[in-house]
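A quick write-up on the structure given underneath.
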Amino acid sequence: MDIEATIDEIQSHIERGNYHAGINIAISGMNEGRRTNNQACVDTFLDVINGIVRRMTEEFGSDG
């Protein structure tokens with residue numbers, strides 16, 4: 001798996017506001033890491049997912 005290319009693809013979806021696709025691709029990347037016992041890959045995509053959630057929280061969440 002080309003992690004950087006996958007992250008670029010995710011970013012392209014997020015920039016267009018397609019958070020659903022971005023998260024799905026990130027989950028697929030995480031699962032690929034799990035299948036191949038690549039913990040660094042799993043951690044990378046968990047970080048990406050967390051970043052997407054943070055962005056959605058900032059963009060759509062209430063201010064308190």
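Because only heavy atoms are used, hydrogens play no part in the values below, and waters and symmetry mates are left out as well, while side chains stay in. In what follows, residues are counted from 1 in the order of the sequence shown. Just so you know, these numbers come straight off a predicted model, no measurement behind them.
Remark: the backbone N or O of L46 is paired with a side-chain donor or acceptor of N50 at under 3.5 angstrom.
Looking at heavy atoms from C-beta onward, Q39 lies out of side-chain contact with N37 at the 4.5 angstrom threshold. Counting only heavy atoms from C-beta outward, the side chains of S28 and E32 never approach each other to under 4.5 Å. Contact check for I23 versus M56: side-chain heavy atoms found under the 4.5 Å cut-off. Looking at T44 and I7, their side chains come closer than 4.5 Å, going by heavy atoms from C-beta outward. Side chains of F45 and R34 form no contact here, defined as non-hydrogen atoms less than 4.5 Å apart.
Taken to the nearest 0.5 Å, the CE atom of M30 stands 12.5 Å off from the CG atom of N38. In this structure, CD on Q11 lies 10.5 Å from CZ on R16, to the nearest 0.5 angstrom. Between atom CD1 of residue I14 and atom NE2 of residue H20 there is a gap of 11.0 Å, rounded to the nearest 0.5 Å. Here the straight-line distance linking atom CD1 of I3 with atom CD1 of I10 works out to 10.5 Å at 0.5 Å rounding.
Residues A21 and H13 come closest through the heavy atom pair CB-ND1, 3.7 Å. The shortest non-hydrogen separation linking V42 to G33 is CG2-C, 3.6 Å. Nearest heavy atom pair, residue M1 against residue C41, reads SD-SG, 4.1 Å.
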(Q) Set out, in order, the CA-CA distance, both residues' side-chain angles and the distance that settles side-chain contact (heavy atoms from CB on, under 4.5 Å) for Y19 and E59, then state yes or no. (A) CA-CA 12 Å; Y19 297 99; E59 188 168 340; 2.5 Å; yes
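Other residues, nucleotides and ligands place more than 12 heavy atoms under 6.0 Å from the CZ atom of R35.
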